[in-house]
Amino acid sequence: MRWSRRPTSADTWTAADELEPDTLYSGAATLSRGEVALAVTVHLNGHFEPLDGKYHWHGRIVGDGVETLKLPDRHPLLLTLVGGPATPATLAEQDPWGNYRIAGTGTPPYRLEPVEVDVPLR
């Protein structure tokens, strides 16, 4: 016999349009290390981590030859979006479809929307 709990009116269901977007930036970019630069497509997202007080961004990178830039050398790995600054990045594992995970900490390579914060006066 299998028991399961039935939903009650106290349960809340989130509609798909209420969820945060899966990506904050999706589009063309350049991945470079030293003299090597590759045109790639990236799908990026990020969040502020209150435990360390830094912004952490991450995503998936699609492009030919990315594995050649995974090998470490004395030059930093940089991700540059169209019209943006070169941002230090780290390549992680390869997924089953041949794409790589990319991540970074600090100012993201994409533009963030301004945030208003109301601070109550004492």
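Computed over heavy atoms, backbone and side chain alike; hydrogens, waters and symmetry mates excluded.
Residues Y55 and Y110 approach most closely at OH-OH, 2.9 Å, considering heavy atoms. A pairwise comparison of heavy atoms in A28 and Y25 identifies O-OH, 2.8 Å as the closest pair. Taking all atoms of both residues into account, the shortest heavy-atom contact from T68 to G65 is OG1-O, 2.5 Å.
S26 is linked by a side-chain hydrogen bond (donor to acceptor under 3.5 Å, both in side chains) to H43, counting only residues two or more places apart in sequence or in another chain.
Residue pairs satisfying the salt bridge (charged side-chain N to carboxylate O under 4.0 Å, His left out) criterion with at least one member in residues 60-72, sequence neighbours excluded, are absent. Applying the side chain to side chain donor-acceptor pair (under 3.5 Å) definition to pairs two or more places apart or across chains, none involves residues 28-42.
Put simply, the residue from L81, L31, V62 that forms a side chain to side chain contact (heavy atoms under 4.5 Å, CB included) with V42 is L81. A side chain to side chain contact (heavy atoms under 4.5 Å, CB included) with L69 is found for exactly one of V36, V40, I61, namely V36. Partner of P109 under the side chain to side chain contact (heavy atoms under 4.5 Å, CB included) criterion, chosen from L44, L78, T80: L44.
Counting only heavy atoms from C-beta outward, the side chains of W57 and T87 approach each other to under 4.5 Å.
Taken from NE2 in H58 to OG1 in T105, the straight-line distance is 10.5 Å, to the nearest 0.5 Å. Y100 contributes atom OH, which lies 8.0 Å from atom CG of L91 (distance to the nearest 0.5 angstrom).
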